[in-house]
Protein chains: 2
Amino acid sequence: MAIEADPKAKTRVPLTKERVHEAAVELADREGLKALTMRALAQELGVEAMSLYYHVANKEAVLDGVLEAIMAEIGEEIGGFSVPEPVDDWKAVLRDRILAARRVMLRHPWAPDVFESRTNMGVSIILYFESILGTMREGGMSYDLAHHGLHALGSRALGFSQELFRPDTPEQDQASAEMFDCIKDQLPYLTGMLTEITHDGPEETLGWCDDQTEFEFALDVLLEGLERLRIAETSA
Amino acid sequence: MAIEADPKAKTRVPLTKERVHEAAVELADREGLKALTMRALAQELGVEAMSLYYHVANKEAVLDGVLEAIMAEIGEEIGGFSVPEPVDDWKAVLRDRILAARRVMLRHPWAPDVFESRTNMGVSIILYFESILGTMREGGMSYDLAHHGLHALGSRALGFSQELFRPDTPEQDQASAEMFDCIKDQLPYLTGMLTEITHDGPEETLGWCDDQTEFEFALDVLLEGLERLRIAETSA
DNA sequence: AACATACTCATACGTTGTAAGGTTGTCAAC
DNA sequence: GTTGACAACCTTACAACGTATGAGTATGTT
């Protein structure tokens, strides 16, 4: 429609911040966070490493942008960051929101590590927490309790919890198992638990648990605890 | 006593794994985790970088050793990793244990990052979790509930919780504040909370909270929630 | 035709972990 | 003593990383 709008005429489509961020997400999805280097990212875009620096300040800025992209996905998943007017069941609303965020995290398993590495929050993250806080408030909590609640949820509010010590290679996993075997006479409770928890006996380590189940369990303990405190403070 | 046992005769005290680990802790304490490089660590010990590799396999091994050192500190703080025979108040016992671990973490603020970076757990960490689990069991929980409880506590069992987004430079902090100001008309709840929470008005960001208070709050919500579930399952 | 602007690239530096192989110090055996 | 083995440490070098610097190249304006 424009006078000279043939895309083919342009020898190359110029980069943008957004394309860099999107490519970064794709690269991390495909090859992991460790593979997300400026050079690899440039190659992903058919460009040299230093060309990226015309569009982004540095790698930190890339990671910030990546998080904004993730938050945008969460926004789509929960249909925006607004607070449903009056909240009759804040627990259920928050639970849905958080599990929606978690679905996004499961699509991008590296994302939690990026969140943890960040030191200042972007706009969409603030908006997200605003909506969480708003839900708590409209649900009937005091600002004080909601504040504590936000801290208590921590990263869980964003849909993830750092699972400590998850072996990532089979060799490492086996090494842990051997070490465990080696001292298992000092571990009556752990061996007891493993024999009872797992169906096939105590060969499996702690890592083999259903993350989703555990996530929801902890989330519910927290939500119910906060609800109890809310009731306590309203009846006081 | 030995025929040739004059220590002075030795021109230099040889390195050991242990000395490397100790020096690593001291270095991280003094200059932060980022400053803990193999070269800096070597310099700390008056030696060249590659000399370290005679005693430790690689940097990962150093970090593993550092964690063992931290766990040893925790062990001292709680007087060993044993389980008090019958536990009349498991909540109180666990609370003390965890807050003791937290005191160690506060002495080494970089330690949580190391824990999160690790992928396989060392012996002393397993022993620690064994003692936590044992306390829950002796307190009357089923293995199933105790298992969920371990996951629910997560890193909190070790005395820390990753505080997301803590600005580490004054410039960054100010940048966040400005950004916050810029969109604060979209943040009724957050501004409302800040005016009510802080004494001096809403200039302060979310980062300025009493970590210890928030840690204990979340810990207590979890412990009480688990206790409630324990009672529910024993009366069933 | 000349120039400004927007964008991209080539080269290079400092830092990191660490592989490969050399140097030294100590001690036992001949 | 000389020799040889072994332990402990060092020198050099490399690949990968983030990125500073300045030069190139296209496009649009005047």
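What you are looking at is a predicted structure, and each value in this text was computed from that prediction instead of being measured. Letters go in sequence order (proteins before strands), and every chain restarts at 1.
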So, applying salt bridge (Lys or Arg N to Asp or Glu O under 4.0 Å) with A/Glu77, which one of A/Arg102, A/Arg97, A/Arg103 is it?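 Only match with A/Glu77 under salt bridge (Lys or Arg N to Asp or Glu O under 4.0 Å): A/Arg103.
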Between [X] and [N], is there a contact of a side-chain N or O with OP1 or OP2 at under 4.0 Å?
| X | N | answer |
| --- | --- | --- |
| A/Tyr54 | C/dC7 | yes |
| A/Ser51 | C/dC9 | yes |
| B/His55 | D/dC9 | yes |

Roughly how many Å is it from [atom1] in [X] to [atom2] in [N], rounded to a whole number?
| X | N | atom1 | atom2 | answer |
| --- | --- | --- | --- | --- |
| B/Leu52 | D/dT11 | CG | C1' | 15 Å |
| B/Arg39 | D/dT12 | CZ | P | 13 Å |
| B/Lys17 | D/dA7 | NZ | P | 14 Å |
| B/Arg19 | D/dC9 | CZ | P | 8 Å |
| A/Leu36 | D/dA16 | CG | C1' | 14 Å |
| A/Asn58 | C/dG14 | CG | P | 20 Å |
| A/Glu48 | D/dC17 | CD | P | 14 Å |
| A/Leu45 | C/dC7 | CG | P | 15 Å |

[X] side chain: which of [options] is closest?
| X | options | result |
| --- | --- | --- |
| B/Met50 | C/dG17, D/dT12, D/dT19 | D/dT12 |
| A/Ala49 | C/dT18, D/dT19, C/dC9 | D/dT19 |
| A/Tyr53 | D/dT19, C/dA10, C/dG17 | D/dT19 |

I'd like to know whether CD of B/Gln172 has more than 12 heavy-atom contacts from other residues, nucleotides or ligands below 6.0 angstrom. yes
Tell me, yes or no, whether the heavy-atom count around B/Glu18 atom CD, taken from other residues, nucleotides or ligands under 6.0 Å, exceeds 12. yes
Can you label the angle between the A/Phe165 ring and the B/Phe129 ring as parallel, tilted or perpendicular, going by 30° and 60°?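 Taking B/Phe129 first and then A/Phe165, their aromatic rings stand perpendicular (interplane angle over 60°).
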Do you see a donor-acceptor pair shorter than 3.5 Å between the side chains of B/Ser155 and B/Glu116? no
